[in-house]
Amino acid sequence: MALTEGQLTSLAGFAEARADRLRSQPVGFGDMRRHLDSGEAVLLGDFPGAPVRFLDRWWRAADDCWEPLSEETGAVLDDDATRWALSVRAVQAVEPAGLQ
């Protein structure tokens with residue numbers, strides 16, 4: 001039995017609302033570790049306090065969980081992540097192969 005257009009729209013709305021809830025609630029340290037290990041989440045860099053990109057949003061470590069950052073902060077971190085990746089590629093391009 002195929003779903004009607006209205007049912008599909010309702011289902012899509014439900015899925016989007018669920019995703020919004022997940023993106024706005026804190027994530028436990030163990031859960032975030034699993035997301036990092038699986039590749040679903042990515043650290044900005046290998047330094048203390050590095051934020052994590054997960055569910056199309058940036059997160060920071062708090063006292064007892066990972067907290068989602070604001071959209072404005074996320075936009076700045078997106079720019080920082082792009083610059084970081086470009087910097088890494090530039091350094092790798094000029095380093096002799098044996099020094100990497």
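Because only heavy atoms are used, hydrogens play no part in the values below, and waters and symmetry mates are left out as well, while side chains stay in.
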### Task
Please confirm whether the backbone N or O of L69 pairs with a side-chain atom of R57, one donor and one acceptor, at under 3.5 Å?
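Side chain of R57 to backbone of L69, a donor-acceptor pair under 3.5 Å: yes, one is there.
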
#### Entry: N/O donor-acceptor pair under 3.5 Å between S87 side chain and R83 backbone
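A pair under 3.5 Å: yes.
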
### Message
If I take atom CZ from residue R53 and atom NE2 from residue H35, how far apart are they, to the nearest 0.5 angstrom?
### Response
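Nearest 0.5 Å value for the CZ-NE2 distance: 15.0 Å.
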
### Task
Would you give the length of the straight line joining atom CG of L77 to atom CZ of R60, rounded to the nearest 0.5 angstrom?
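The CG atom of L77 sits 12.0 Å away from the CZ atom of R60.
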
Are any of the side-chain heavy atoms of [X] and [Y] separated by less than 4.5 Å?
| X | Y | answer |
| --- | --- | --- |
| V52 | V42 | no |
| L43 | L36 | yes |
| V27 | E67 | no |

### Task
Quick one: do W58 and L44 satisfy side-chain contact (heavy atoms from CB on, under 4.5 Å)? Show the steps, please.
CA-CA 9 Å; W58 287 99; L44 175 62; 3.8 Å; yes

### Query
Between F29 and W66, what is the ring plane arrangement, given parallel below 30°, perpendicular above 60°, and tilted in between?
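Aromatic pair F29/W66 classed perpendicular.
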
### Message
On a heavy-atom basis, which atom in C65 and which in P26 lie closest, and how many Å separate them?
### Response
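Distance-wise, the nearest heavy atoms are SG-CB, 3.5 Å.
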
### Task
Treating Ile, Leu, Val, Met, Phe, Trp and Tyr as nodes and any side-chain heavy-atom pair under 4.5 angstrom as an edge, say whether L55 and M32 lie in one connected cluster.
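Yes: a chain of side-chain contacts under 4.5 Å links L55 to M32.
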
